[in-house]
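In what follows, a single structure is set out as structure tokens and then discussed.
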Amino acid sequence: MGYVVNRHPVTVGEYIAWLDTLDDPTPYQPSIDGRPLTRTEQGGLQGAPRPLRATDPICLVSWDDAQAYAAAMGARLLHDHEWEKAARGVDGRAFPWGDFFDSTWCNASNSRASQPWLVPVSANPEDISPYGVRGLAGNLRDWCSNDYERSGPASIEHAPATGPFRMARGGSWSSSGPFCRAAARVVGRPDARTLNYGFRLARDWPTRAG
């Protein structure tokens with residue numbers, strides 16, 4: 001089945017807007033070491049090592065938080081295999097832009113002279129896949145929908161994830177070059193909230209009856 005992917009990951013501003021629609025947003029608040037982040041006057045969040053702008057990708061949210069947001073938007077998370085196809089196209093390139101690594105083309109650990117940190121989702125226009133999906137090699141990793149399997153999932157199955165770990169794909173602002181490769185795979189517990197994981201939305205491609 002075909003699918004469509006949002007060009008950018010979910011931003012801080014978009015996530016906050018969703019929290020504001022909930023009767024009790026407490027379970028889904030971005031937090032660090034159990035301390036919820038607080039709002040800034042500019043529409044971002046503070047309480048992380050540096051403030052998060054409204055246009056930065058949302059982090060410090062768990063896989064469970066991401067699932068709840070996706071369901072509320074009538075969408076879903078990408079499966080592990082879907083993420084890799086969106087990043088590598090049909091030629092199996094090593095990075096979204098090709099088979100070479102250039103740290104200035106994405107937001108990785110050594111991309112800038114200043115201390116590494118998140119950048120707005122519109123930054124690094126070179127970090128783009130053959131399908132126009134942005135920010136797959138750096139900035140934040142994406143939570144995926146499926147359980148972790150050491151050898152990788154055999155097929156795309158959108159079955160409920162029930163294991164102790166979930167897949168995440170992509171590089172982050174703290175990643176070195178090898179971990180920015182589109183084939184790199186990382187894992188996390190579904191309740192973990194870290195500075196390296198965010199998420200993006202996908203939807204099934206509509207099929208015509210008959």
Side-chain angles (χ1 to χ4, degrees), residues 1-32 36-40 42-45 48 52-87 96 118-123 127-129 131-136 138-147 153 156-162 166-170 172 186 188-208:
M1 179 180 290
Y3 60 99
V4 292
V5 187
N6 280 22
R7 184 180 300 273
H8 297 293
V10 174
T11 66
V12 170
E14 290 168 335
Y15 194 82
I16 288 175
W18 172 63
L19 291 179
D20 287 341
T21 69
L22 304 178
D23 292 332
D24 181 14
T26 304
Y28 308 106
Q29 292 280 4
S31 62
I32 185 167
L37 304 188
T38 57
R39 308 281 181 94
T40 67
Q42 295 75 32
L45 294 168
L52 303 174
R53 295 158 291 201
T55 53
D56 290 340
I58 188 65
C59 63
L60 295 169
V61 293
S62 68
W63 182 88
D64 297 312
D65 299 336
Q67 284 282 85
Y69 180 96
M73 299 298 144
R76 59 176 176 80
L77 304 183
L78 283 165
H79 185 279
D80 186 4
H81 284 342
E82 291 176 326
W83 189 99
E84 188 163 342
K85 176 63 184 302
L118 292 169
V119 296
V121 296
S122 60
D127 187 356
I128 186 169
S129 82
Y131 302 108
V133 186
R134 299 272 296 272
L136 294 166
N139 225 10
L140 281 182
R141 298 175 178 131
D142 290 321
W143 281 117
C144 292
S145 63
N146 52 300
D147 281 324
I156 296 177
E157 295 183 5
H158 294 291
T162 58
R166 302 288 184 271
M167 283 302 311
R169 299 297 295 266
S172 79
V186 294
R189 294 188 179 277
D191 60 348
R193 293 184 170 100
T194 80
L195 290 164
N196 307 101
Y197 289 22
F199 67 99
R200 68 181 71 227
L201 301 182
R203 293 170 176 83
D204 294 331
W205 184 261
T207 56
R208 294 184 178 182

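From a predicted model like this one, the values you see are computed outputs, not experimental measurements. Only heavy atoms go into these numbers, but all of them, side chains included; no hydrogens, no water, no symmetry mates.
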For a 4.5 angstrom cut-off between non-hydrogen side-chain atoms, does Arg39 reach Leu45?
yes
Can you name the one residue among Tyr69, Tyr197, Tyr15 that meets side-chain contact (heavy atoms from CB on, under 4.5 Å) with Ile58?
Tyr15
Please check if the side chain of Asp142 supplies one atom and the backbone of Trp83 the other of a donor-acceptor pair under 3.5 Å.
no
Does any part of the side chain of Pro30, heavy atoms only, come nearer than 4.5 Å to the side chain of Leu19, both counted from C-beta?
yes
Does the side chain of Arg76 reach to within under 4.5 Å of the side chain of Asp204, using non-hydrogen atoms?
yes
Closest non-hydrogen atom pair between Ala202 and Leu78, with its separation
CB-CD2, 3.6 Å
Keeping Asn6 on the side-chain end and Arg200 on the backbone end, is there a donor-acceptor pair under 3.5 Å?
no
In terms of heavy-atom contacts, does CZ of Arg7 have more than 12 from other residues, nucleotides or ligands at under 6.0 Å?
no
For the atom pair CZ (Arg53) and OG1 (Thr11), what is the distance rounded to the nearest 0.5 Å?
12.0 Å
For Tyr3 and Lys85 the tightest heavy-atom approach is OH-CB, 3.5 Å
Run the side chain to side chain contact (heavy atoms under 4.5 Å, CB included) test on Val5 and Tyr131 for me, step by step, so that the C-alpha distance in whole Å, both residues' side-chain angles and the decisive distance to 0.1 Å come before the verdict.
CA-CA 9 Å; Val5 187; Tyr131 302 108; over 6 Å; no
Distance from Leu77 atom CG to Glu82 atom CD, nearest 0.5 Å?
10.0 Å
Side-chain donor/acceptor pairs under 3.5 Å, residues 59-66, sequence neighbours excluded:
residue: Ser62; atom: OG; partner: Asp64; partner atom: N; Å: 3.3
residue: Ser62; atom: OG; partner: Asp65; partner atom: N; Å: 3.0
residue: Ser62; atom: OG; partner: Asp65; partner atom: OD1; Å: 3.3
residue: Ser62; atom: OG; partner: Asp65; partner atom: OD2; Å: 3.1
residue: Trp63; atom: NE1; partner: Cys144; partner atom: O; Å: 2.7
residue: Asp65; atom: OD1; partner: Arg193; partner atom: NH2; Å: 3.2
residue: Asp65; atom: OD2; partner: Ser62; partner atom: N; Å: 2.9
residue: Asp65; atom: OD2; partner: Arg193; partner atom: NE; Å: 2.9
residue: Asp65; atom: OD2; partner: Arg193; partner atom: NH2; Å: 2.9

Look only at the side chain of Asn146 and the backbone of His79, and say whether a donor-acceptor pair between them is shorter than 3.5 Å.
no
Distance from Asp191 atom CG to Arg166 atom CZ, nearest 0.5 Å?
9.5 Å
Could you grab the distance from atom CD of Gln29 to atom CD1 of Ile16, nearest 0.5 Å is fine?
9.0 Å
Which atom names give the shortest non-hydrogen contact between Ser122 and Arg134, and what distance separates them?
O-NH2, 2.7 Å
How many angstroms lie between CG in Leu118 and CG in Leu195, if you round to the nearest 0.5 Å?
7.5 Å
Note: Val119 and Asp56 closest approach over all heavy atoms is C-OD1, 3.2 Å
Quick one: does Ser129's side chain have a donor or acceptor within less than 3.5 Å of a partner on Ala86's backbone?
yes
